[in-house]
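Here's the structure, in structure tokens; my notes come after.
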Amino acid sequence: ASSPARPASAVATAPAAAAGEVSSKVPAGAPALAVSGGVWSQNPAQRLLIVNGQVFNEGSELAPGVRLQEVKQHRAVLEFRGQRYSVPY
């Protein structure tokens, strides 16, 4: 009798990521992006991401509703509708 309650609570908590947590899954409804490269630097002003053939800096809107939050080494953190997720480059 307790086994149905346990999965239900696990399912209820799974979608709610902790504050600041970054998922590796693209959120539902997010536009498809073709990430072809990136440049990480210790200087945040020099960090770049190449998406759909265009170069973007941190803070840029990559597509409607998708913002480039941070370029890290080998991955970038994006935000879509309040959900943070990472993509490799």
Side-chain angles (χ1 to χ4, degrees):
S2 65
S3 50
R6 188 175 185 125
S9 66
V11 168
T13 57
E21 191 172 315
V22 178
S23 173
S24 60
K25 294 184 179 181
V26 177
L33 301 173
V35 179
S36 56
V39 175
W40 181 86
S41 171
Q42 287 183 332
N43 180 350
Q46 295 178 342
R47 296 176 190 167
L48 307 170
L49 191 67
I50 303 168
V51 180
N52 298 337
Q54 294 184 303
V55 179
F56 294 94
N57 293 76
E58 291 181 338
S60 298
E61 187 173 42
L62 308 180
V66 180
R67 185 154 312 277
L68 173 57
Q69 291 202 324
E70 186 178 0
V71 176
K72 298 183 178 222
Q73 292 183 18
H74 309 294
R75 67 186 180 99
V77 178
L78 310 181
E79 186 269 330
F80 178 71
R81 295 183 181 163
Q83 294 182 308
R84 290 168 38 108
Y85 64 103
S86 68
V87 294
Y89 67 85

Task: side chain to side chain contact (heavy atoms under 4.5 Å, CB included) between I50 and V35, worked out - done: CA-CA 6 Å; I50 303 168; V35 179; over 6 Å; no
In Å and rounded to the nearest 0.5 Å, what is the [atom1] to [atom2] distance from [X] to [Y]?
X	Y	atom1	atom2	result
F56	L49	CZ	CG	8.5 Å
R84	Q69	CZ	CD	4.5 Å
E79	E70	CD	CD	13.5 Å

Taking every non-hydrogen atom, the tightest pair across [X] and [Y]:
X	Y	answer
Q73	W40	NE2-CZ3, 3.3 Å
P31	P64	CG-O, 3.8 Å
V22	S86	CG1-N, 3.6 Å
L48	N57	CD2-ND2, 3.7 Å

Task: Contact list for residues 49-58, test salt bridge (Lys or Arg N to Asp or Glu O under 4.0 Å), sequence neighbours left out - done: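 Listed once each, the pairs are R47-E58.
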Side-chain contact, heavy-atom cut-off 4.5 Å: [X] with [Y]?
X	Y	answer
R67	L78	no
V39	V71	no
V66	Y85	yes

TODO: Output yes when a side-chain donor or acceptor of N52 lies under 3.5 Å from a complementary backbone atom of A34, and no otherwise.
DONE: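 Present.
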Open item on the list: Using modelled atom types and a 3.5 Å cut-off, is there a donor and acceptor pairing between side-chain atoms of S60 and backbone atoms of L62?
Closed with: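 Checked: no pair found.
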Open item on the list: With a 4.5 Å cut-off on side-chain heavy-atom distances among I, L, V, M, F, W and Y, is there a chain of contacts connecting L68 to V77?
Closed with: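 No, because L68 and V77 fall into different hydrophobic clusters, even though each may have its own neighbours under 4.5 Å.
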